[in-house]
Amino acid sequence: MNQIKSLRGMVDLLPEQTQRWQEVELIAREQFKRAGFKEIRTPLLEVTELFSRGIGEATDVVGKEMYTFSDRGNRSCTLRPEGTASVVRAALEHGLLNQGPQRLWYGGPMFRYERPQAGRQRQFHQIGVECFGINSTRADAEVIAIAWDLLKQLGLNGLVLELNSLGSLEDRRRYRNDLVVWLLDRFEQLDTDSQQRVQSNPLRILDSKNPQTQSILMEAPTLNNYLSEESLERFEVLQQSLETLEIPFKLNSRLVRGLDYYCHTAFEIKSEYLGAQSTVCGGGRYDGLVEQLGGPNTSGIGWAIGMERLIMLLGDVFSGSTTPDVYLVNQGKLAEIQALVVARKLRALGLIVELDSSGSSFGKQFKRANRCGAFWAIVIGDDEAKGEVLTLKKLHSNEDSTTSNELKVSASDLDGLFALLVS
RNA sequence: GCGGGCGUCGCCAAGUGGUUAAGGCAGCGGCUUGUGGCGCCGCUAUUCGGGGGUUCGAAUCCCCUCGCUCGCCCCA
């Protein structure tokens with residue numbers, strides 16, 4: 001009889017961790033709300049073509065990382081590997097893009113069939129924002145600021161914002177052609193991975209971690225030199241905006257985001273405290289995507305934050321807890337029912353109440369009360385039940401286990417009791 | 001898909017060929033059936049991820065397999 005375990009790369013979040021997740025989600029939600037972003041929820045499962053068309057056939061995500069299968073109607077379905085394509089699809093499908101600029105946020109699980117390692121799972125979670133119909137660079141600055149502020153507000157340090165401009169789609173095409181020619185001249189000197197990429201995705205070679213390839217690339221044409229007047233201007237304005245907002249950044253001309261749809265602004269926020277997978281947040285502008293998915297020419301910009309990576313960075317920053325305020329010790333037929341009633345009422349007043357339903361001895365119940373960290377114990381036994389009272393006892397009081405920290409309270413005056421408990 | 005490390009109770013582990021597989025934490029029960037935190041006592045792995053082999057004898061050696069983990073590729 002072998003134990004059934006979770007699928008590789010699929011991770012359970014236990015109570016100890018879900019609390020922190022909730023805290024982060026709450027703070028993020030607040031931020032989005034204040035920034036005027038509205039939540040959108042899309043299905044986890046989409047038609048495969050959405051991603052192959054939206055993300056790009058040549059990308060690794062589409063080429064080898066998708067969870068794709070046929071459903072019973074023989075349609076090719078894929079568990080979403082990222083959020084943007086789905087959001088665009090939904091926005092188009094429901095005509096959101098005909099209603100002026102849209103500021104949207106989303107969150108939830110994404111799926112990528114990769115070998116798990118630190119900071120990488122097959123099911124992982126992202127929160128992200130997408131901003132449609134605002135072509136101005138101010139949107140870029142605003143969106144980056146939201147990400148930066150969120151991470152800062154969560155108390156993270158050691159973050160670096162890396163920034164690059166990929167230019168317009170035009171600029172990129174020109175650069176790409178020249179780069180391929182240049183690379184082909186030095187084909188023999190490239191590592192095998194890069195050789196394969198010359199045709200399929202040459203820009204990614206710039207990001208190669210192979211040291212020899214990197215040294216060759218020192219001489220390569222740089223994208224920056226191919227940027228049009230207008231693109232350069234955009235990039236300038238963005239940098240100035242960030243300076244004004246006092247958001248530090250580092251230019252990284254080799255930052256080429258993996259997905260096809262990016263243009264102009266590309267950025268990543270990395271942390272020195274993560275392992276090999278150091279990017280917490282990645283995003284950029286994607287003015288061509290909506291059109292590529294059959295919609296009107298619409299500009300877009302957004303980012304996604306990896307929740308797991310974010311939470312790894314949080315360490316013990318949070319101390320919020322769900323330790324009970326009150327532990328309800330009870331025994332006896334009448335008392336047990338009363339305990340249930342009292343628990344319900346105190347909960348309605350906003351207290352965290354743990355009710356002991358074990359029926360075991362008072363000694364045992366107190367032991368548990370103490371261990372769960374509750375501040376108060378309320379005791380209901382036969383005596384209390386008959387006398388319509390509750391015995392109140394402060395736990396974790398030092399040494400003295402006499403009755404000095406015990407107190408009788410009327411069972412009918414719960415408001416009075418509540419006032420006492422929170423004081 | 002390719003490399004490295006690892007797999008003994010819920011958790012942390014000792015054990016590296018020889019009778020019944022240490023110990024700690026947690027859990028449960030008792031000392032104490034209306035009063036906890038401390039203490040003491042007891043219980044909790046026919047079995048060492050799984051399968052095969054070597055051997056009189058294996059958790060310990062060999063082979064295969066599965067899983068975890070870190071890294072490569074790539075990304076959040």
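We name chains A, B, ... by the order of the sequence lines, and we start the count at 1 in each one.
Taking a centre distance below 5.5 Å and an interplanar angle below 30 degrees as the stacking criterion, A:Phe366 does not stack against the six-membered base ring of B:rG36.
Interface remark: the A:Glu65 side chain does not form any donor-acceptor pair with the B:rG1 base, using a distance-only criterion of under 3.5 Å. Put simply, the side chain of A:Arg120 and the base of B:rC74 share a donor and an acceptor less than 3.5 Å apart.
Checking B:rG67 for Watson-Crick or G-U wobble geometry (two distances, each under 3.5 Å) identifies B:rC6 as its partner. A 3.5 Å limit on both hydrogen-bonding distances identifies B:rG42 as the Watson-Crick or G-U partner of B:rC28. Using Watson-Crick or G-U wobble geometry with both donor-acceptor distances under 3.5 Å, B:rU47 finds no partner in any strand shown.
Contact annotation: A:Gln117 side-chain N/O to B:rC70 OP1/OP2 distance is not under 4.0 Å. Taking side-chain N and O atoms only, A:Gln277 has no distance below 4.0 Å to OP1 or OP2 of B:rA76. Residue A:Arg115 has no polar side-chain atom (N or O) positioned under 4.0 Å from OP1 or OP2 of B:rC73.
Across B:rA21 and B:rU46, the matching C1' atoms stand 11 Å from one another, rounded to whole Å.
With salt bridges taken as basic N to acidic carboxylate O contacts below 4.0 Å, none links A:Arg368 and A:Glu354. Contact check on A:Glu162 versus A:Lys270 returns a salt bridge, with a Lys/Arg side-chain nitrogen under 4.0 Å from an Asp/Glu carboxylate oxygen.
To the nearest angstrom, P of B:rC74 lies 10 Å from CD1 of A:Ile205.
A:Arg103 forms no cation-pi arrangement with A:Trp105, by the criterion of a distance under 6.0 Å to the ring centre and an angle within 45° of the ring axis.
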